[in-house]
Each structure stands twice: as structure tokens, then as C-alpha cells.
Amino acid sequence: MSPERVPFYDLASLHAGIRADLDAAIARVLDGGWYVLGQEVERFEEEFARSAGTAHCVTVGNGLDALTLTLRALGIGEGDEVIVPGATFIATWLAVSAVGATPVPVDVDSRTLTIDPGQVAEALTSRTRAVLPVHLYGHPCDMDALRDIVKPHGVVLIEDAAQAHGAIYRGRPCGTLGDAAAWSFYPAKNLGALGDGGAVTTNDDALAASLRSLRNYGSATKYVHERQGSNSRLDELQAAVLRTKLPHLAQWNSARRAIARRYDEAFASANVLGPGVAHDVLHAWHLYVVRSEERDAMRAQLAQHGIECHVHYPIPPHRQGAYAHTALSRRVLPVTEQLSATALSLPLSPTMTMDEADRVIDAVLSCGASLARG
Ligand SMILES: Cc1ncc(COP(=O)(O)O)c(C=O)c1O
């Protein structure tokens, strides 16, 4: 008999729990007859800004655009350098390249896997305009250290908060810790739409106004275009879905934390390298990533037990074909490269049961034992 499957992330069952409310939200938009930049977007922007703790939220089409348009709105482009972590989803780098600036990668801390402030200090030059810290897997970056390093140089801090909905750093929410924060609402994120979506949160009035124009053909007044903008808007349907899901985010994150705690307790006494968490943060647990030299064998064995795992990310940006023609491809980033070779993301979702978590734990431990025997 094949073992009962433990899915990596079960979005359908998450949505089943709030199905009637989602149906009502979708019907509201359908019946309202207004589908782009309307009341749902306006309300979601107010509600998300309030929950994030910022003056403004400007929604856009996706997380990559949230990063790219923020860089454009700040006037960052050709000849400028933006410091990025080596370990991230490639979107962080692509945004910098898209505006014509140069990504300057530095390595991440080997424990928290977030950008190493000491290396940021070393990478600063007279051309550095911004640093893009990524709260990788939902673990907040050391933002106070980064601020102390960059602010004397007038360098902007833009949080990549795509994986950090609900994460907290020293009592302050991620998304309020830099000059602006870029969010993704890709379906599998802690707060996800039923398609693509993104947003920028900031306390900077001028930046928010500029983003509102850039996302809408460079226009603040219909058919008046002060600049060459894009079309990157969250649609009303996605905004209505996100408004329905936002009130559940805190509870869903608590459920993630309970599973992560179960994993932590089980792996602490075993020979499994679990995630390192700083003492002064509340992790959002977008992903629970263990590291093993035998990662591929482990993934295959877990699959035999019906446990679905993924790798975030098997190839770091500087080793991707997208950067093969650049000097960046020759950079050596030891922690990032080691992470790509060893990282394995275990199943983690708010609808996961403790029984499922225990099955993952048993399989990981038995796998560790059999791999050790060789
Ligand atoms: C760290 C990080 N940055 C940026 C993005 C880009 O977001 P999106 O997929 O919405 O474009 C993602 C998500 O995929 C991400 O994980």
C-alpha cells in the first residue's frame, strides 16, 4: 500500500476553510462591474498598510514589479550599484538589472541565511545607491545593523519582504524597517492571491505617489502621462481575495509556527541541521529549510514515504544562465553555494496536522539513520 501523501503545501484545503467568504468576495466584484483600480484595491491598500504599520501601500502586478518600480521611482538606474544577497530568489537581482543598475552580491550569514551586514559594509562604494535585504524563508534580516552601516552614506534600504508577511524584528514588523518594502502575493506566499499580485509599503509620500503613477502608465490623471510608466496593477478580483484572506494571516502564521516548533524540537536532539533563528525575531516560517550533504538522496527517500519536499533554490542567481555573460558569474559566495547544494524545504502549511508533521519527522529521522549507515 502506498503511504498517505504529505503535500508540500495544500492551498486548496486552505481555501476550502474560507470558501464561502471567497465566493462572496468574487461575486461582489463580478456583480460590481468594475475590475481594475477600484474600491477593492483602495480598501486592500488601506487594510494592508494598517496591518503592515506603514502610511502607504501601493499595490502592483507582482513582487518583481514591486521591487523594479521602487528602484525606478527612486531614480536608480545605469551606473548605480545595488547590494543584494547571493541567497535569494532571482527576482531580487532581476529587478536591479531591469532598471539598468548593477547587482553587487554579498554572502549571507551561515546561521540565519540573511544578508551579512559586515559584508555589506565592505561592498559599499561611491556608486552604491541601495541595499536590498531579503527576509529569506521568513527570517528577518538584521535591519538595525544594516541601517547603521548604510545611512551615513545616504544609501536607501529596500526590504524584499516577499517571504515575510507577519515576520517581526525586535518588536517591529518586517515591511516597516527600511525606506520601502516590496511584497509578493504569489499564491504560495504566507498571504497569497489566486494569481499574481504585489505591493510596496512605505512612509514616504513622494515615493508612494511616484509608484501610483508608474504602475499606471505614468499617469496620475486619466490620459495625462507625466512619465513613461508601466501597466502593473493588482486587479479587483485579487484585491477582494486578499481582503478576505488578510484577517486570517495572523492565525495562519501561528499554525505555521506550531509546526516549525514541532520540527525544531524533534531535530534539536537528532543529527539534522535545522534553521538557525536569531533570538530577537519572530520568524514567519514561509519555508522550513533543513540542510544536508545528502540532500538529494534524502529528498528521494522522503518522496518514497509520500512526503513532498522542494529545494529553495537549487541554483543561486550568480550561477544562472541569466548572469552567465556577466562578471557576476565568477563571484564566489561560499555560504550561498553550500546552501544551494544542501537545502531541503520540508512540508509546511497552516492546514497541516501535527500527525502529518510527525510523519515528516519520523521519515526525516529514519532517512538520516539509513543515510548514515550508507
Ligand atoms: C524573495 C523574493 N523576491 C521576489 C519575489 C518575486 O515575487 P513575484 O513572484 O510575485 O514576482 C519572490 C517570489 O517569488 C521572492 O521569493
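Since the structure is predicted, the reported quantities are computational estimates derived from the model, not experimental observations. Read the numbers this way: they start at 1 and go in the same order the structure lists the ligands and their atoms.
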Beyond-backbone contact of Val364 with Val290, side-chain heavy atoms, under 4.5 angstrom: no

Best match, Gly198, Ala164, Ala91: closest heavy atom to atom 6 (C) of ligand 1: Ala91

Partner residues of His153 under the ring-ring contact (aromatic ring centres under 6.0 Å, His included) criterion, sequence neighbours left out: none

Give the table of side-chain donor-acceptor pairs shorter than 3.5 Å for residues 48-55, with sequence neighbours excluded, one pair per line with atom names and distance.
| unit_1 | atom_1 | unit_2 | atom_2 | d |
| --- | --- | --- | --- | --- |
| Ser51 | OG | Phe48 | O | 3.2 |
| Thr54 | OG1 | His56 | O | 3.1 |

Heavy-atom check, side chain of Leu242 versus side chain of Leu234, under 4.5 Å: yes

Distance from atom 11 (O) of ligand 1 to nearest protein heavy atom, with residue and atom: Leu64 N, 2.9 Å

Close approach of Lys189 to ligand 1, heavy atoms, under 4.0 angstrom: yes

For Val134, the ligand 1 atoms whose distance to one of its heavy atoms is below 4.0 Å: 1 (C)

Passing candidate, side chain to side chain contact (heavy atoms under 4.5 Å, CB included) with Val156, options Leu207, Asp179, Thr128: Asp179

Met354 vs Ile259 side-chain heavy atoms within contact, under 4.5 Å: yes

Nearest neighbour in protein (non-hydrogen) for atom 16 (O) of ligand 1: Gln163 NE2, 2.9 Å

The one among Ala199, Ala193, Ala162, Ser184 that brings a heavy atom closest to atom 9 (O) of ligand 1: Ser184

Part of Asp160 within contact of ligand 1 (heavy atoms, under 4.0 Å): side chain

